[in-house]
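Note that the structure is predicted; figures quoted are calculated from it, not measured.
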Amino acid sequence: MGLDGGTVVTRSDVLRGQSWRVAQNDTSRSTRGGNVTRVPTEAVDKNIERATAWSTCSLTSQPLQPPIVACGLGRLYNKDAVLQFLLCKKDKISDPEALLQYANQLRVAAGSLDHITCLKDVLEVQLQDSAASAAADLQINSTTTGTTTTAAAAFTLGASTSAAAAVAASGTTTADDFLAAAASRFVCPVTLLPCHRHPCSALRPCGHVISDRALRNLRGSGDPCCPVCSRPYTSELPINGTPEQVQQLREGLRAAAAAAKAAKEAKKQQQQAEGG
């Protein structure tokens, strides 16, 4: 501290030593370092974020498995996870592990799950598996040519296996490859475009997920029917849409909730007036 070559350790030195990332991103020329005025943040790759949204449950972060549902904001969930969430919300489950998971979900969500109050708030969606589509195409081709290929049999047997397992079998072990393979599991049943790369929407009430490119052609034909089941659809729900679409959907949910509350109050007042 006094002419011995030592230095006084300041608060800035302590904070700088706690984060290797901050030290590596420090562009100052000082060897001592000054005050840390800005902590660098890592931007999440949009492709990884979208691939995660199309491959994992938004509630539990587990791989999506049928039956799959979508909330009013277009997020995908495993239906059993939503059922457990609602049961915990209504105090119907006493399992400590389930209650702890429910508490963690509320903490992470920070109010973003308030729009899910019952099963009527979610729509069961029908997602086309890419492996099943490839198997069907190969079977059609083999039937046309009169030959049976081993590739068709492999696709048929692998239709129920996850894409991540297929990547593992090929010897690829990077996390990005696993995520990309899992995200490419679902495709549009009309155009066969991968859902995680192209905007898609679920049709109400049938729940089939169709790419927006195919829906634009349907709107032009003037036939508001699902191209998969031929049932008329009443509206479209963007799945894992843009922030602008999510905000628009959130405002629509709030408006619908306010209208339902007003109608309930009006009905209650009418009943009181008739009873009085």
I'd like to check P238 versus Q248 (side-chain heavy atoms, cut-off strictly below 4.5 Å). Are they in contact? no
Please assess L64 against C57 for the test side-chain contact (heavy atoms from CB on, under 4.5 Å), listing each intermediate value before the final yes or no. CA-CA 5 Å; L64 288 172; C57 172; 4.2 Å; yes
Mind jotting down which residue pairs meet the ring pair (Phe, Tyr, Trp, His ring centres under 6.0 Å) criterion with at least one end in residues 98-121? Sequence neighbours excluded, please. F85-Y102
With the side chain counted from C-beta on, respond yes when L218 and P224 share a heavy-atom pair under 4.5 Å apart, and no when they do not. no
To check you understand the geometry: which heavy-atom pair defines the closest contact between L193 and S211, and what is its length? CD1-OG, 4.4 Å
When you measure from the side chain of R50 to the backbone N and O of H196, does any donor-acceptor pair fall under 3.5 Å?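 Looks like yes, one N/O pair under 3.5 Å.
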Check side-chain hydrogen bond (donor to acceptor under 3.5 Å, both in side chains) between S61 and all other residues, then give those that pass, not counting sequence neighbours.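 None.
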Which atoms form the tightest heavy-atom contact between L123 and L203, and what is the distance?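 Looking at all heavy atoms of both residues, the shortest contact is CD2-O, 4.2 Å.
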Please check if the side chain of S130 supplies one atom and the backbone of R185 the other of a donor-acceptor pair under 3.5 Å. yes
Can you list the steps and then say if F186 with L76 is a side-chain contact (heavy atoms from CB on, under 4.5 Å)? CA-CA 12 Å; F186 302 118; L76 297 177; 5.7 Å; no
If we only count heavy atoms from C-beta on, is the I48 to T52 side-chain gap below 4.5 Å?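 Yes, at least one pair of side-chain atoms sits under 4.5 Å.
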Each residue besides L87 in its hydrophobic cluster should be listed here, by chain and number; the cluster joins Ile, Leu, Val, Met, Phe, Trp and Tyr at side-chain heavy-atom distances under 4.5 Å.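 Result for L87 is I93.
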Pick out which of Q101, K89, Q105 makes a side chain to side chain contact (heavy atoms under 4.5 Å, CB included) with Q84.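 Among Q101, K89, Q105, the one meeting side chain to side chain contact (heavy atoms under 4.5 Å, CB included) with Q84 is Q101.
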Which distance, rounded to the nearest 0.5 Å, do you find between the CD of Q126 and the SG of C226?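 SG of C226 is found 9.5 Å from CD of Q126.
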Do E236 and L215 make a side-chain contact, defined as non-hydrogen atoms from C-beta onward lying under 4.5 Å apart?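 Yes. Closest side-chain heavy atoms under 4.5 Å.
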Grab the two heavy atoms, one from A81 and one from T60, that are nearest each other, plus how far apart they are.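 In terms of heavy atoms, the two residues are closest at CB-CG2, 3.7 Å.
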Can you check whether W54 reaches P194 side chain to side chain, under 4.5 Å on heavy atoms?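 No - every pair of side-chain heavy atoms lies 4.5 Å or more apart.
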Could you tell me whether Q247 atom CD has more than 12 heavy atoms of other residues or ligands within 6.0 Å of it? yes
Backbone N/O of H198 and side chain of R213: donor-acceptor pair under 3.5 Å: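 Absent.
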For the residue pair N240 and A53, what are the closest heavy atoms and their distance?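 Shortest heavy-atom contact: ND2-O, 3.3 Å.
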Quick one: does I239's side chain get under 4.5 Å of C195's, heavy atoms only? no
Test log, rule side-chain contact (heavy atoms from CB on, under 4.5 Å), inputs V69 and L119: CA-CA 10 Å; V69 296; L119 280 180; over 6 Å; no
Does D121 use its side chain to pair, donor to acceptor, with the backbone of C71 at less than 3.5 Å?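 Absent.
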Do you know which two heavy atoms are closest between L237 and G74, and how far apart they sit? CD1-N, 4.1 Å
Note, L59 side chain near N78 side chain (heavy atom, < 4.5 Å): no
Considering only heavy atoms from C-beta outward, does the side chain of P189 approach that of H208 to under 4.5 Å? no
